[in-house]
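Each remark here refers to the structure printed beneath this line.
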Amino acid sequence: MSKIRAVVVDPNVSGRLVLRDVDAPTPAANEAVIRVAAISLNRGEVRRSTTAAAGWRPGWDLAGVVETPAADGSGPAAGTRVVGLLRSGAWGELVSVPTHSLAELPASVSFEQAATLPVAGLTAYHALLKGSSLLGKSVLITGASGGVGYFAIQLARLSGAQVVAHIRRPEYESFVKDAGAHAVIIGEKLSQESEYGSYHLIIESVGSDILGTSLGWLAADGTVVLFGTSGGTEVTFNAQRFYGTGGASLYGLILFHELQRESASVGLQRLLRLVEAGQLRPHINIEANWTQIADVAQKLLDRQYPGKAVLHISN
């Protein structure tokens with residue numbers, strides 16, 4: 001079997017992420033083989049790589065060109081520029097991707113822009129869907145300087161919401177305001193009483209005290225969508241205030257669970273149309289060659305940059 005290069009975990013080298021030769025993919029009938037041009041990094045896959053066994057292949061987000069179309073006739077033809085995602089193993093020269101997880105790129109959208117969309121963009125998109133109609137409603141987004149938060153601010157603003165962003169580092173205030181936040185809350189903790197009133201939807205990724213306090217900031221029938229716990233998994237909250245709000249709910253969002261209900265291609269096509277129209281702007285803070293994967297991954301874990309990092313695959 002022929003070999004390709006891919007990112008794998010090697011616990012014996014600094015940074016644990018290296019390029020190695022692996023077997024070329026053998027696609028299932030509903031999978032297209034993609035020659036990858038660009039990838040982006042997400043905290044979840046990078047964090048897992050710090051403890052994964054030797055040989056594990058990380059990677060969710062990819063953009064590239066269809067090398068071999070799916071044998072069952074589904075999906076795009078050979079030569080089509082696409083974006084897609086996998087549960088793991090997307091960071092390779094060639095990867096097999098189910099066609100329901102691919103979307104064709106508009107001519108004006110680059111591989112680099114597209115590569116930021118799958119996990120961060122789709123997570124923000126599905127979180128916003130839990131708020132239903134947001135026109136004129138108040139939305140709070142915590143961890144707003146991250147990849148998901150940056151997309152969520154823009155999508156909430158496009159939906160007609162009043163958007164408040166919470167960040168922990170004051171140097172990122174202009175960053176989230178440029179994304180479209182109407183107001184910004186800065187600090188490691190939230191005050192018990194909300195400065196901007198109650199919220200119809202809260203998109204939360206910090207956990208710990210931030211989640212505990214924000215549960216008390218919901219409006220009647222409001223929803224907290226929780227998709228991460230970067231600040232801690234132990235949470236204390238005022239249960240009486242929460243149920244006393246009336247109709248308040250806490251929703252745990254895992255992207256790959258949401259994609260069982262609506263295929264990734266649907267959401268990706270919607271996001272790509274917004275990028276094409278200039279209404280959704282990916283923010284790429286770092287661009288580098290994938291040979292720098294370990295260094296860029298460590299910068300992500302150390303929170304050294306907001307937005308997204310994109311790496312170019314050199315074939």
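The CD atom of Glu45 sits 10.0 Å away from atom OG of Ser88, with the distance rounded to the nearest 0.5 Å. Atom NE2 of His200 sits about 4.0 Å away from atom NZ of Lys137, to the nearest 0.5 Å.
Although no hydrogens or angles enter the test, the distance criterion places a donor-acceptor pair under 3.5 Å between the side chain of Thr50 and the main chain of Arg47. In this structure, the side chain of Ser96 does not engage the main chain of Glu31 through any donor-acceptor pair within 3.5 Å. Judged purely by atom type and a 3.5 angstrom limit, Ser74 has no side-chain atom pairing as donor or acceptor with the backbone of Ala70. Thr123 places no side-chain N or O within 3.5 Å of a backbone atom of Ala120 that could act as its donor or acceptor partner. For Glu173 (side chain) and Pro170 (main-chain N/O), no donor-acceptor pair under 3.5 Å exists by modelled atom type. A donor-acceptor contact shorter than 3.5 Å links the side chain of Ser110 to the backbone of Gln113. Checked by atom type and distance alone, the side chain of Glu258 never pairs as donor or acceptor with a backbone atom of Leu255 at under 3.5 Å. Not a single donor-acceptor pair under 3.5 Å links the side chain of Asp61 to the backbone N or O of Gly84. Gln260 places no side-chain N or O within 3.5 Å of a backbone atom of His257 that could act as its donor or acceptor partner.
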Give the C-alpha distance, both sets of side-chain angles, the deciding distance and a yes or no for side chain to side chain contact (heavy atoms under 4.5 Å, CB included) between Val148 and Phe227.
CA-CA 10 Å; Val148 176; Phe227 69 91; 3.4 Å; yes
Verify ring-ring contact (aromatic ring centres under 6.0 Å, His included) between Phe111 and His312, making sure each step is shown before the conclusion.
CA-CA 9 Å; Phe111 288 131; His312 304 277; 9.8 Å; no
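Under the 4.0 Å criterion applied to side-chain N and carboxylate O atoms, Arg20 and Asp10 are assigned as salt-bridge partners. With respect to the salt-bridge test (charged N to carboxylate O, under 4.0 angstrom), the residues Arg5 and Asp21 do not qualify.
Asn289 and Gln292 form no side-chain donor-acceptor contact under 3.5 Å, judged by distance and modelled atom types alone. Judged purely by distance below 3.5 Å, without hydrogens or angles, the side chains of Arg35 and Thr68 never pair a donor atom with an acceptor atom. For Glu262 and Tyr125, the side-chain atoms include at least one donor-acceptor pair closer than 3.5 Å. Judged by distance alone, the side chains of Ser40 and Thr116 never bring a donor and an acceptor atom under 3.5 Å apart.
Within the structure, salt bridge (charged side-chain N to carboxylate O under 4.0 Å, His left out) pairs that include any residue of residues 203-222 comprise Lys189-Asp209 (at least two apart or interchain). The side-chain hydrogen bond (donor to acceptor under 3.5 Å, both in side chains) contacts involving residues 151-162 comprise Arg157-His182, where partners must be two or more places apart or lie in separate chains.
Leu300 and Ile167 end up in different hydrophobic clusters when Ile, Leu, Val, Met, Phe, Trp and Tyr side chains are linked at under 4.5 Å. Placement of Ile313 and Ile293 within a single hydrophobic cluster is found when ILVMFWY residues are connected by side-chain heavy-atom separations under 4.5 Å, directly or transitively. Note: the hydrophobic cluster containing Leu85 also contains Leu117 (ILVMFWY, side chain heavy atoms under 4.5 Å, direct or indirect links).
When the shell of 6.0 Å around CD of Glu234 is examined, it contains 12 or fewer heavy atoms from other residues, nucleotides or ligands.
Between Asn285 and Lys308 there is no side-chain heavy-atom pair separated by less than 4.5 Å. For the pair Val206 and Thr229, the minimum side-chain heavy-atom distance is 4.5 Å or more. Contact annotation: the side chain of Leu86 approaches that of Val97 to within less than 4.5 Å [non-hydrogen atoms, C-beta and beyond]. At least one side-chain heavy atom of Val224 sits less than 4.5 Å from a side-chain heavy atom of Leu215.
If you run ring pair (Phe, Tyr, Trp, His ring centres under 6.0 Å) between His283 and each of Tyr172, Tyr150, Tyr305, Phe151, only Tyr150 comes through.
Heavy atoms only, all atoms of each residue included: Trp217 and Glu193 are closest at NE1-C, 3.9 Å.
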Side-chain donor-acceptor pairs of residues 51-60 under 3.5 Å, sequence neighbours excluded:
from  : atom 1 : to    : atom 2 : distance (Å)
Thr51 : OG1    : Arg48 : O      : 3.4
Arg57 : NH2    : Gly89 : O      : 3.2
Trp60 : NE1    : Arg87 : O      : 2.9

